[in-house]
Amino acid sequence: SGELYCSLPNPRNVRFESINMKNVLHWSSPEGTGNGVLYRVKYSVYGVGKWIRKPECRNINRTWCDLSSETSDYEEQYYASVKAFLNGMCSEWVETTRFNPLTDTKIDPPMVSVSSTDRSISIILAVPEKWKRSPEEESISLLQVYPGLQYNVSVLNKKTKKRWFFSISNNTLVVPWLEPGTAYCVSAQIHVTTPLLDSGFSKEHCIATLKDK
Amino acid sequence: GACRVSMSTAEIRAGFTAIKANIQSRDPVRSLSILSHPHPLNRVKSSDRCCITHHLLTFYVDKVFKHCTTEDSFLNRKISSIANSFLSARRKLGQCREQNNCECGEESTEKFKQILTNYEGLNVTSAAMKSLGELDILLDWMEKSR
Amino acid sequence: GADVFLPPPQNISIISTNMKHFLTWSPVIVQGATVRYSVEFQGEYEREYANESWIPVSECSLTTATVCNLTEDISATVAYRLRVRAQLGATSSPWGTLKGFFNRATTSLTPPLLKVMADGYHLLVELADMGPAFQFRLLYWRKGQESRVQQQLVREVSSVLHLATMEAGAEYCVRAQARVEAIGRSSGFSPAQCVQAPGDTSLW
C-alpha cells in the first residue's frame, strides 16, 4: 500500500476484558472518527518480545478481538496492541497494560442446583470451567486453577425474610431442620483468597420444602 | 523443602496490586523477563522450592528494592512496606532453612543464575524496576507452590 | 519576627490496638501561631539496606493534628522507628523520635464483638468486622456437653453466619477469638453466649 501517514488519532481505552479466562481485547474508536475505521491487532508474550499479528483481526471494523487462544497459558503474561486505519491514514500502535490472566480475569458465580425434602434442602455448587478452544477440548475447572477457592452461600427464608450465610470449602451443603412447606432462596459466590478474586453472587434459586406429611 | 513459611502473601499482593500498573508502565522492555524467561519458575522442583524462595527473597532485598526509589511518595511507601515484608519473610525462611538444611539442586541453581544474568543484562535501575514489576509472577509461583 | 526556636514534640507514643497503629504527641505551643507537624517512619529494611533513610507520611505532613494513623505504612512484622517534628513557617524543630522501636506484633488484640442467635433449630452468629488481617475462631458446644466442643474458622465476616443445627430443646453456647496470622497471635475469647433451640429435649 502507498505511504501511510500515521496522524490518525489513536484508538482509546485499549484493554483486556476477561471472564473465566476468556480473554477479549476491547478498545474505543479514535476520537472524532465516524464510520469506516479499520483496525489491526497484534500481541506479544511478556519476556519473549516478538509481536505476533492476529490474522482474524486484520482490517476489522469492530472494536474487539478475541485473543483467548493466544493467551490461554495463564502462567505467562501478555501485551496486545491496536492500530487504526482510515482513508490512507493510520494511528500509532496503542498497547494494553501487562495482562496477567491469573489475577486479571473475573470469575463467574458458581452454578447452583437445589433439591429439597420436607425438612431440608441440599445444595450442589459447580465451579465454572476455564475458557477452552472447542467443546472437544479437555475441560479445566477453575478449581484446578485456584485450588484454595471457597464458597459463600446465602440462604433466604422467604417467610421470615431472614438470610443466613454459610462459608464452605467443599461444593455440597445440606441444611437440615427447616420449616416444612416454606420457600427458601439460595445464591452462592466463589471466593479466592490469593490472588484476591471474588465472583458475584449467582442469581437466586428458590425451592420449597415439602409440606408436612 | 520442609519450610512452609506462613508468609502473608495477601498483604504483599495487596501492596503490589496498588502500584502494579504504575510500576509496570515504567518498564518499556517487553522482550526480556527477569523471572519467567527463558525458564519459567514453575519448572523448579518442589524439593528446591524452599531454597529458591530464600534466594529470591534475598535477591529482592539485596539488589532490587534499593534501586526502586521514585518521585512518588505513595509508591515509595508501598515499596517500603513490601521490602520490609520480604525482610520479615526471609528471616522466618532463613531460620527454617538452618533447621531443615534445604539445599538447592543443580537445576534450580542454574535457574537462579539465569535470573541474575537476566538482571545484569539491563542497567540497574531498569532491572530493579522490571523485577519489581514482576512481583506478581513471584507471588503466583509462591502461592501455587504452597 | 525573629526566628522562633521550636522544641521537638514531647510525649511521643504509639497506640496500637487490633492492628491499627496511631502515633500521638503533645502539641508544641507558640502563642498566637498555628504549629504544624510532619511524621516519618523507618523500617528495618531502610535501616539495614537503604542508608537509614526515613519515609515521609504524606497524610501527616504539615498537619495541625497531634495524631497520625500509620496503619497502612506499618504493614510488615519488623521493627519500625517513628519520628515527628514541629514546623512554623520556614522554621522546623529538631525531630522527636519514639523511644525504642515499634513492631506491630505487639499490638493489643481485643476479643471480637459477637452476637449469637437462634432461628428455629439453627445456631447463627454475627461478628463485627475487625479488618482484613483478622480471622475468627468460633468454639461452640451443647450445654452440659462441655467436653465435646466444636470449632469453626471464619476467614471473612459476612452478616449472619450459620454455625450449626441444634437439637430440639437443647441449649448451645458460643465463644469467639480473633486471630491475626501475619503476627501469629490471637485475642482472648469473648464471653460465652447461649441460646436455646425450640421444642422439647424428650423428642431425642
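- Between C/Arg104 and B/Glu11, at least one side-chain nitrogen of the basic residue sits less than 4.0 Å from a carboxylate oxygen of the acidic one, meeting the salt-bridge criterion.
- The environment of CD in B/Glu71 is crowded: more than 12 heavy-atom neighbours from other residues, nucleotides or ligands sit within 6.0 Å.
- Sparse packing is recorded around CD of C/Glu72, with 12 or fewer heavy atoms of other residues, nucleotides or ligands lying under 6.0 Å away.
- Looking at B/Ser81, both its backbone and its side chain come within 4.5 Å of chain C, counting heavy atoms on both sides.
- Neither the backbone nor the side chain of B/Phe74 comes within contact range of chain C; no heavy atom of the residue lies under 4.5 Å from a heavy atom of that chain.
- At a 4.5 Å heavy-atom cutoff, C/Gln42 makes no contact with chain B through either its backbone or its side chain.
- Residue C/Ile55 holds its CD1 atom at 9.0 Å from CZ of B/Arg77, rounded to the nearest 0.5 Å.
- In this structure, C/Thr77 OG1 and B/Lys92 NZ are separated by 6.0 Å, a value rounded to the nearest 0.5 Å.
- When atom types are taken as modelled, the side chain of C/Tyr45 and the backbone of B/Lys66 share a donor-acceptor pair closer than 3.5 angstrom.
- When the shell of 6.0 Å around CG of C/Asn51 is examined, it contains 12 or fewer heavy atoms from other residues, nucleotides or ligands.
- Among C/Ile183, C/Asn103, C/Val78, the single residue meeting the side chain to side chain contact (heavy atoms under 4.5 Å, CB included) criterion with B/Ser88 is C/Val78.
- Other residues, nucleotides and ligands contribute over 12 non-hydrogen atoms within 6.0 Å of the CG atom of B/Leu116.
- Within a 6.0 Å sphere centred on CD of B/Glu106, other residues, nucleotides and ligands contribute 12 heavy atoms or fewer.
- Note on C/Ser53, C/Ala50, C/Ser58: by heavy-atom pairs under 4.5 Å with chain B, the leading option is C/Ser58.
- Within 6.0 Å of CD on B/Glu120 lie more than 12 heavy atoms contributed by other residues, nucleotides or ligands.
- Rounded to the nearest 0.5 angstrom, C/Tyr80 OH and B/Asn84 CG are separated by 4.0 Å.
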